[in-house]
Each structure stands twice: as C-alpha cells, then as structure tokens.
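The structure displayed is predicted, hence computed values, not measured ones.
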Amino acid sequence: MAVRILKVSSLASALLASSGLYLYSRPLDINDLSVIRFGRAAATTAVISYDYLTAFRHVEHGTEEYQAVKSKVHLRSAERLRDLCCSNRGTFIKVGQHLGALDYLLPEEYTSTLKVLHSRAPQSSLEEIQQLSEIFVSFEEEPQGAASLAQVHRAVLHDGRTVAVKVQHPKVQKQSSKDIMVMEVLVKAVHWLFPDFAFMWLVEEAKKNMPLELDFLNEGHNAERVASLLSHFPFLKVPTIHWDLSTKRILTMEFVEGGQVDDRDYMKKHNINVNKISENLGQLYSEMIFVHGFVHCDPHPGNVLVRRQKQQTEIVLLDHGLYQVLQPDFRMDYCHLWMSLIHGDMSGVERYSRRLGAGDLFPLFACVLTARSWNAVNTGISSAPVTQAEDVEIRTNAARYLPQISDLLNRVPRQMLLLLKTNDLLRGIETTLQTRASSSSFINMSRCCVRAVARHKRSKARSRSRRVQIMLTESLSLWKLSVYELLLWFRGSMMIRWLAAILAFLH
C-alpha cells in the first residue's frame, strides 16, 4: 500500500511540476485568456447568425435556388464553426466532434465538415509533459494519438512492460467550465434570434459529461466495469489499467496495437473477416444497451481497433470516459421500441415512441432512430434493405426538418441523446464496412431485447411459477430466432451453390 501511495504521489508531483514548468517557462498565450476565447466565439456566432439572417432575402422559399443557397450557408457556417473549435480547442473540439457524429440528425454540410476535428485535435508540447518521462524507463515524446482533452504516449515500465500513458492537456480542466458557460450564453442568444434553433440539449449534455470525461480515474473504473460485464465475449479486449500509475489527469494502461475498425485494407492484409467484425461489434453494443444499460458512447473508429491474435480476431475498445447509464424503465421501453421497429409493429412503434417522449413527432423519431425512411419503418426495417436513394433521402431530410429534429431532441429523455450519437457512429462504421442492416445484426439485437425483457419480468415476478413461465417463454423466443438464423444461413448457402453451378455451366 505504501509503495502504491508513493508511486501515485510521484506521479501527481510530476504532473504538478510539468504544469508549473509550463506556466513559468513560457510567455502567456493569449488563447488562454477567457476574454479572447469568449470574443472569438461571440464573433463567430455573430457572423454565422448574420449570414443566415441575410442570405435568403431575395430568394423564394422552397425553390431549387433556395436549397442551393441554404447548402452554401450551411457549409460556410460549418467551416467557421470548425475554425472556432480548432482555435479555442479543448471543450470546443469535444462539442464539435459530438456534432460531427450526428450524421442523420444534422445537415451533411455540418457533419462532413466537423468530422475532421477527430484528426485535428491539438498536441501538448514536450515541455508540458517532460516531467512524466522520469517515471518510466522510456517515454516516447511523439504521442501515439491526440484527442480534444488528452494525448496518449507510449512508455516502458521498469519491469519491461509497454504501456499507454494518457495525459490530460494542462489547460483543459481550468477552461472547460468557462467554455461551457460561453456556449450556454451564445446558444441562448441564437435561440432568441432563431426560435427554431433549440440546441440547449447540447449544452446540458456538455455540462453533465465534461467533468466525468476529465476524471481519468472514472474512465478507468468504466473500463473495468465494461470488461467485467462483457467478459463472456472472448473477442473483446479492454486494456488493463495500472492503478498505481494513474491519477485524475493521467491514465496508465496496457498498450494494445491494432488497425482502426473502418480500415478495410488493414483487415484484408491481416485476414480479418469484415462481416464477423461488424457482427461482433453489433453484439457488444446490443448487450451494452439492451441487457446491461451501461453504454460506451464514443465508438468512433479511433476508439475501436481490430487485431489478429493467433487464431482469434479481437475488437479492442478504447477511451472509456463517456458512458451512458440507462434507467430500467427507459431501457425496457427502448427494447420494446426496437422490437416493434424490427417487426414493423406500427402500434408498438407509436406507443413506445410516445412513452419515450416523442409525442406527435413519433414518425420523425422512428426515422431518426433507425436512419430509415418512413416507408421502410412501416415495412419493418429488418425486411427492407437500405438503398442509396433512401440514404440520400434521410440525409436531405435532416436539413429540411432541422427545427422539428431540434424540438424532438429537447423532448426526449437526456439518456436518449448519447444513444442517438452512438447509433450514428456505429452506422458510420457499418456503412464503411458495407455491412449495414444485415440480418445477423437484427437477430443479435432481437436476442438481446428478448433476454433483457425476460430478465426485467423475472425481477418483478412474485411467484416461482411465474418465473418459470417467463423463462420458458424466453427460451422459446430465442429458439425461434436460432431457427430463423439457421434458415437464413441455409438459404444463403443454397444460393451460393446455385450461383456457382450456373457460373460453371456458363463456362
């Protein structure tokens, strides 16, 4: 215990020393001044607002010209917002990354422009982290990766083990609360100018989540908890935390290498089955969302790696700072809603959408949640394949119905917001891997929903006979899903053999 305390004390001292060295060995950076950061944000907001107020004065609403002008204004505004995030860094980049992940909720001009923030996060200089290198045998100066709140360095411990050291940027902690206050003031001002612009949900999420993401001990506990909950999946790898070398601002963990989950070339080179990776990732998230209600909410490709370990292909889950805990009643309604969406049960879709706060906007909610057209939702999303035309329609509608989407996001429970972001990030990965809306993903999702509902009912059952009845019903439902999956596999195998026979005959 004394040794551990000594290590943590040394690490904390190194962190304080590095911060002190940074403060006293460099001239003041005007970008650190609150008045400069606020002025820059206010000026950008004013320019964007003026652009939207004046751009449409001489254009008739609803015409092709109007749509073209609107697209140009969206793009200009997105670029200004991106530049603001890059200049103010920290919390601004984090919020910008969040917006860039909402592919099916915001106009494409915004999401495509803001996505670059994942690769343009700032790096802290060596002067800011050099004191940490004394704790390790070796410490690479060049970070393996830099994010909005921290950067990761490769290091070697005295016992020879290689570790990843996540170091928080020195100024982020101090600036984050002031930055969020600035955002709140500006969002309210824009809402006053444009009543349809209702993005207070974004500020509220930042207020709630930023302190948690800045506490790296909390991140370490999240990592251990999800590793325990999903320990029955042999293909999941969560890096081990070195608690004796971790503090609230430094997280030391096992170093794990791999390719990003959207890197098809890497998978091809290492003989990794793309379809299996997509299926396994879907299993992980269905289990997190529907069964456990403990959800990793930042699955962008940089946080999800794949690697080949002997005969086993593994998914490596990184960055456990942002999790959403789902309340049981919310989780059950969400389970029932997805089961209704999969099977095309429209009365169930309306009932559970309303229970989740969508009200009369339940058709829009169903489309936003699934990123599918209303026709596909009516048919049952497991029965209607995704087409390119449908995908374009959904992205176009995100711009057309932005006021209604803003209203919807302010209505639904706060738990839903990070789930929508998570859904969009996962869909982005599936789209890149070309595995979107596969039958296996719906079967795995259905299995998790059945198990979650049965577990919830058993917890409420008062008699043994009722618990047995629930268990039998669950087993029957799972058996039906297995039979259906076997039928799909058999049908697919037969189709492949027929195609092979036809090609052989033609040649």
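For the residue pair His221 / Glu219, no side-chain donor-acceptor distance below 3.5 Å is found, with atom types taken as modelled.
Taking the six-membered ring where the residue is Trp, His320 and His296 present perpendicular rings, their angle passing 60° and hence far from 30°. The aromatic rings of Phe235 and Phe233 are tilted relative to each other, their planes meeting at an angle between 30° and 60°. Between Tyr334 and Phe290, the ring-plane angle classifies as parallel under the 30° and 60° cut-offs. Relative ring orientation between His98 and Trp201 is described as perpendicular, the plane-to-plane angle rising above 60° on a 0-90° scale split at 30° and 60°.
For Arg225 and Phe294, the positive end sits near the middle of the six-membered ring, less than 6.0 Å away and at most 45° from its axis. Cation-pi geometry between Lys70 and Phe56 is not satisfied (NZ or CZ under 6.0 Å from the ring centre, within 45° of the ring normal).
Salt bridge status for Glu254 with Arg161: absent, with no side-chain N to carboxylate O gap under 4.0 Å. Salt-bridge annotation for Glu204 and Arg414: present, with a side-chain N of the basic residue lying under 4.0 Å from a carboxylate O of the acidic one. With salt bridges taken as basic N to acidic carboxylate O contacts below 4.0 Å, none links Lys72 and Glu109. Between Arg355 and Asp329 there is no salt bridge, since none of the side-chain N atoms of the basic residue sits less than 4.0 Å from a carboxylate O of the acidic one. Taking 4.0 Å as the cut-off between side-chain N and carboxylate O, Asp360 and Arg354 count as a salt-bridged pair. Using a 4.0 Å cut-off between charged side-chain N and carboxylate O, Arg427 and Asp424 make a salt bridge. A salt bridge links Lys208 with Glu205; the closest basic N to acidic carboxylate O contact falls under 4.0 Å. Ion pairing of Lys237 with Glu314 is absent here, as no side-chain N (NZ or NE/NH1/NH2) approaches a carboxylate O to less than 4.0 Å. Taking the charged nitrogens against the carboxylate oxygens, Arg154 and Glu257 do have a contact shorter than 4.0 Å, which makes a salt bridge.
Note: Phe365 and Phe362 fail the aromatic proximity criterion, with ring centroids not under 6.0 Å apart.
Looking only at distances, no side-chain donor or acceptor of Asp215 sits under 3.5 Å from a matching main-chain atom of Pro211. Remark: side-chain polar atoms of Thr313 are not paired, donor with acceptor, to backbone N or O of Gln309 under 3.5 angstrom.
In terms of heavy-atom proximity, Arg331 sits nearest to Ala452 at NH1-CB, 4.1 Å. Contact record, Cys297 with Thr422: CA-OG1, 3.3 Å, taken as the closest heavy-atom pair. Residues Gly357 and Arg411 come closest through the heavy atom pair O-CB, 3.4 Å.
In this structure, CZ in Phe92 is found 12.5 Å from SG in Cys86, a value given to the nearest 0.5 Å.
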Atom pairs and distances, side-chain donor-acceptor, residues 175-183, under 3.5 Å, sequence neighbours left out:
from	atom 1	to	atom 2	distance (Å)
Ser176	OG	Gln173	O	3.3
Asp179	OD1	Arg37	NE	3.2
Asp179	OD1	Arg37	NH2	3.4
Asp179	OD2	Arg37	NH2	2.6

